[in-house]
Amino acid sequence: MDKFHIIGGQRLEGCVSISGAKNSALPCMAAGLLTPGTITLHNIPYVRDIITQRRLLEDLGATVLTPELRTHKISAPQIEVFEAPYELVKTMRASVLALGPLLARFGKAKVSLPGGCAIGTRPIDLHLAGFEQLGAEVKLESGNVVARAPETGRLRGASIEFEKVTVTGTENLMMAATLASGTTVLKNAACEPEIDDLASLLNKMGARVRGAGTPIIEIEGVKELGSAEHTIIPDRIETSTFIVAAAITNGELEIRDCQPAHLTSVVEKLREAGVEIFELNQSTLLARGSAKLRARDVTTEPYPRFPTDMQAQYMALMTQAEGRSAIAETVFENRFMHASEMQRMGGRIHIDGRNAVVEGPTRLTGAPVQASDLRASASLVLAGLVAEGETVIDRVYHIDRGYEKIETKLRSVGAQIERVRQSVTAPLPSPQILANAD
Ligand code: EPU
């Protein structure tokens, strides 16, 4: 397992370019299963989860070509197997996004039921209840979800109201409904930009999806979908992480190839905390730190409110702000594992259930720490950038799942960060450790 060695205290300055959004690329790749045609996706980030998703598609019988590093051409004229096995689902929960497309096009699917992970129990009951409302029979057999379309082989449009906002649940149901007979209405749907991005790909494939990006999505089913070409939106969480990197090091970063319109709640909160953020044009931001950061409370909630995927990075920033900040995590029940690592670096953080209080500013000191999930790893990198001395972050495979070459990007703007590769002769990590999917 690789580690990051960071020497803190460098002010970051320069330009970074943002990669495509992992959480948009994953469902868009799964949408390739909906058509016998070819979908061409540009701006796919080069991160581990994409490699896993590609492997899943290939295992099912699809062909994935990469004429360029960030372009994937996915063709699934036929599928040989209809199953996402435990081996894959346990390393990446987004494998469940194969369910909707397989069920819609082939009338059958078997996907291993994902267990809990480092950030919460994360059931998929709402996905399954939605498939049932579309007429599917859904059973649980030996740890697998086995779903079948009605005898006609086609799902039936329905009105489905989600009890709770679910991002991949909305995506799975939206994809399933594209090939159903009749119209489906999804109520209390997730509004994340990734949903809108998937809908625009589906519409290019010939689907009839309206209202994506709002809580009510209407999908008029069609008989078949065709080929399409689409460019994945920029990663709003990577963008926000770099804004915090500029802020925490009192630096100045020009952040290119991003989509400022997707960052409203984060930008608003960071400005309140004293970070200067300017929109230079529609795809470029300038973020500038200030010596006087102010503590500000935050509550994570579904889009367009403050994202849970930025909570850990915001906590790192608040260790440097003047005063007490209260951070409430309402989306996942166990997403504060980074706090105990930050405490080891000197952070004054108190956790009580889903609430954290950070008292700042504190002079963090470098320490050996462990990453527990993707965003927690990013927060420890940020803490390491401002800490005195050396921070060694273990289990950085978590960060490789969703941030493209973060150490290269950070080094290019002045950070002292090195990846230390584990010797090839060292024992491999146990499958238990690798199975920490998010
Ligand atoms: N939930 C249920 N039942 C369901 C589905 C969800 O109870 O059937 C609950 C979850 O347990 C959670 C809440 O609803 O408490 C929201 O979960 P959601 O389904 O929205 O999460 P997700 O779709 O599994 C996606 C992102 C996550 C991101 C969340 C929330 C992808 C591939 N993953 O997960 O991204 O945190 O939405 O915004 O899109 C990350 O990138 O680091 C990451 C974890």
Side-chain angles (χ1 to χ4, degrees), residues 19-30 45 47-50 52-53 56 89 91-100 111 113-133 138 145 160-175 186 188-198 215 232-233 235-241 262 265-266 300-313 329-335 337-338 354 371-379 398-404 406 436-438:
S19 302
K22 163 191 83 92
N23 288 349
S24 183
L26 291 172
C28 287
M29 288 171 76
V47 298
R48 170 81 44 196
D49 274 7
I50 296 297
T52 310
Q53 189 75 330
L56 169 63
V89 178
T91 55
M92 189 186 68
R93 304 177 61 86
S95 325
V96 301
L97 286 166
L99 258 177
V111 170
L113 186 69
C117 78
I119 62 177
T121 52
R122 302 185 72 183
I124 56 161
D125 55 319
L126 304 175
H127 304 223
L128 304 186
F131 292 135
E132 282 179 334
Q133 283 176 273
V138 180
V145 174
I160 299 168
E161 177 150 8
F162 291 104
E163 229 171 78
K164 202 171 184 179
V165 175
T166 160
V167 175
T168 47
T170 302
E171 292 163 349
N172 234 341
L173 270 295
M174 192 162 81
M175 289 192 279
L186 302 179
N188 197 25
C191 301
E192 271 67 3
E194 293 75 20
I195 308 279
D196 199 19
D197 202 33
L198 173 64
I232 301 295
I233 53 170
D235 196 309
R236 63 195 164 97
I237 305 300
E238 189 197 13
T239 311
S240 308
T241 303
H262 295 163
S265 60
V266 173
T300 66
E301 280 175 274
Y303 193 85
R305 297 183 192 273
F306 195 91
T308 172
D309 289 346
M310 272 307 293
Q311 177 260 110
Q313 303 88 316
E329 170 59 59
T330 74
V331 180
F332 291 110
E333 67 271 24
N334 187 30
R335 213 177 191 180
M337 284 174 80
H338 43 278
R354 289 179 171 216
S372 53
D373 75 84
L374 171 57
R375 309 303 170 186
S377 344
S379 73
H398 286 296
I399 212 163
D400 294 334
R401 295 187 54 187
Y403 285 87
E404 184 174 324
I406 192 166
N436 218 348
D438 47 36

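We count ligands from 1, going down the list as the structure has it; atoms in each ligand are counted the same way.
- Heavy-atom separations between Arg375 and ligand 1 include at least one value shorter than 4.0 Å.
- A salt bridge between Arg48 and Asp400 is absent, with no side-chain N of the basic residue lying under 4.0 Å from a carboxylate O of the acidic one.
- Distances between N or O atoms of Leu126 and those of ligand 1 include at least one value under 3.5 Å.
- For ligand 1, the atoms closer than 4.0 angstrom to any heavy atom of Arg122 are 11 (O), 22 (P), 24 (O), 34 (O).
- When Asp373, Val96, Leu97, Val167 are checked for heavy-atom proximity to atom 20 (O) of ligand 1, Val167 turns out nearest.
- Within the listing of ligand 1, atoms 8 (O) sit less than 4.0 angstrom from a heavy atom of His127.
- Using a 4.0 Å cut-off to heavy atoms of Ile124, the atoms of ligand 1 that qualify are 4 (C), 8 (O).
- In the vicinity of Thr308, heavy-atom distances shorter than 4.0 Å reach the ligand 1 atoms 30 (C), 36 (O), 38 (O).
- Annotation: Val331 places an N or O atom under 3.5 Å from an N or O atom of ligand 1; distance criterion only.
- Note that the CD atom of Gln313 and the OG atom of Ser377 stand 9.0 Å from one another [nearest 0.5 Å].
- Using modelled atom types and a 3.5 Å distance limit, the side chains of Ser24 and Glu194 yield no donor-acceptor pair.
- At least one heavy atom of Arg335 sits closer than 4.0 Å to an atom of ligand 1.
- Using modelled atom types and a 3.5 Å distance limit, the side chains of Thr300 and Glu329 yield a donor-acceptor pair.
- Around atom 14 (O) of ligand 1, the closest heavy atom drawn from Glu329, Lys164, His398, Gln53 belongs to Lys164.
- His338 and Gln311 are linked by a side-chain donor-acceptor pair at a separation below 3.5 angstrom, with hydrogens and angles left out of the test.
- Considering both main-chain and side-chain atoms, Glu192 never comes within under 3.5 Å of ligand 1 through any nitrogen or oxygen pair.
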Given the rule in the side-chain contact (heavy atoms from CB on, under 4.5 Å) test, do Thr241 and Glu238 qualify, once you have shown the distances and angles that lead to the verdict?
CA-CA 5 Å; Thr241 303; Glu238 189 197 13; 5.5 Å; no
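- Under a 4.0 Å heavy-atom criterion, Asp49 is not in contact with ligand 1.
- A side-chain N or O of His127 and one of Asn172 form a donor-acceptor pair less than 3.5 Å apart.
- Only the side chain of Asp309 comes within 4.0 Å of ligand 1, judged by heavy-atom distances.
- Both the backbone and the side chain of Thr166 come within contact range of ligand 1, each with a heavy atom under 4.0 Å.
- At a 4.0 Å heavy-atom cut-off, ligand 1 touches Lys22 through the side chain alone.
- Residue Thr308 is tested with Arg375, Glu301, Arg335 for a side-chain hydrogen bond (donor to acceptor under 3.5 Å, both in side chains); the sole match is Arg335.
- If you take CG on Leu186 and CD on Glu171, they are separated by 11.5 Å, rounding to the nearest 0.5 Å.
- Rounded to the nearest 0.5 angstrom, Met175 CE and Leu198 CG are separated by 5.5 Å.
- For ligand 1, none of its N or O atoms has an N or O atom of Arg93 under 3.5 Å away.
- For the ligand labelled ligand 1, residue Pro123 lies inside the 4.0 Å heavy-atom shell.
- For the atom pair CG of Asp235 and CG of Asn23, the computed distance is 7.0 Å after rounding to the nearest 0.5 Å.
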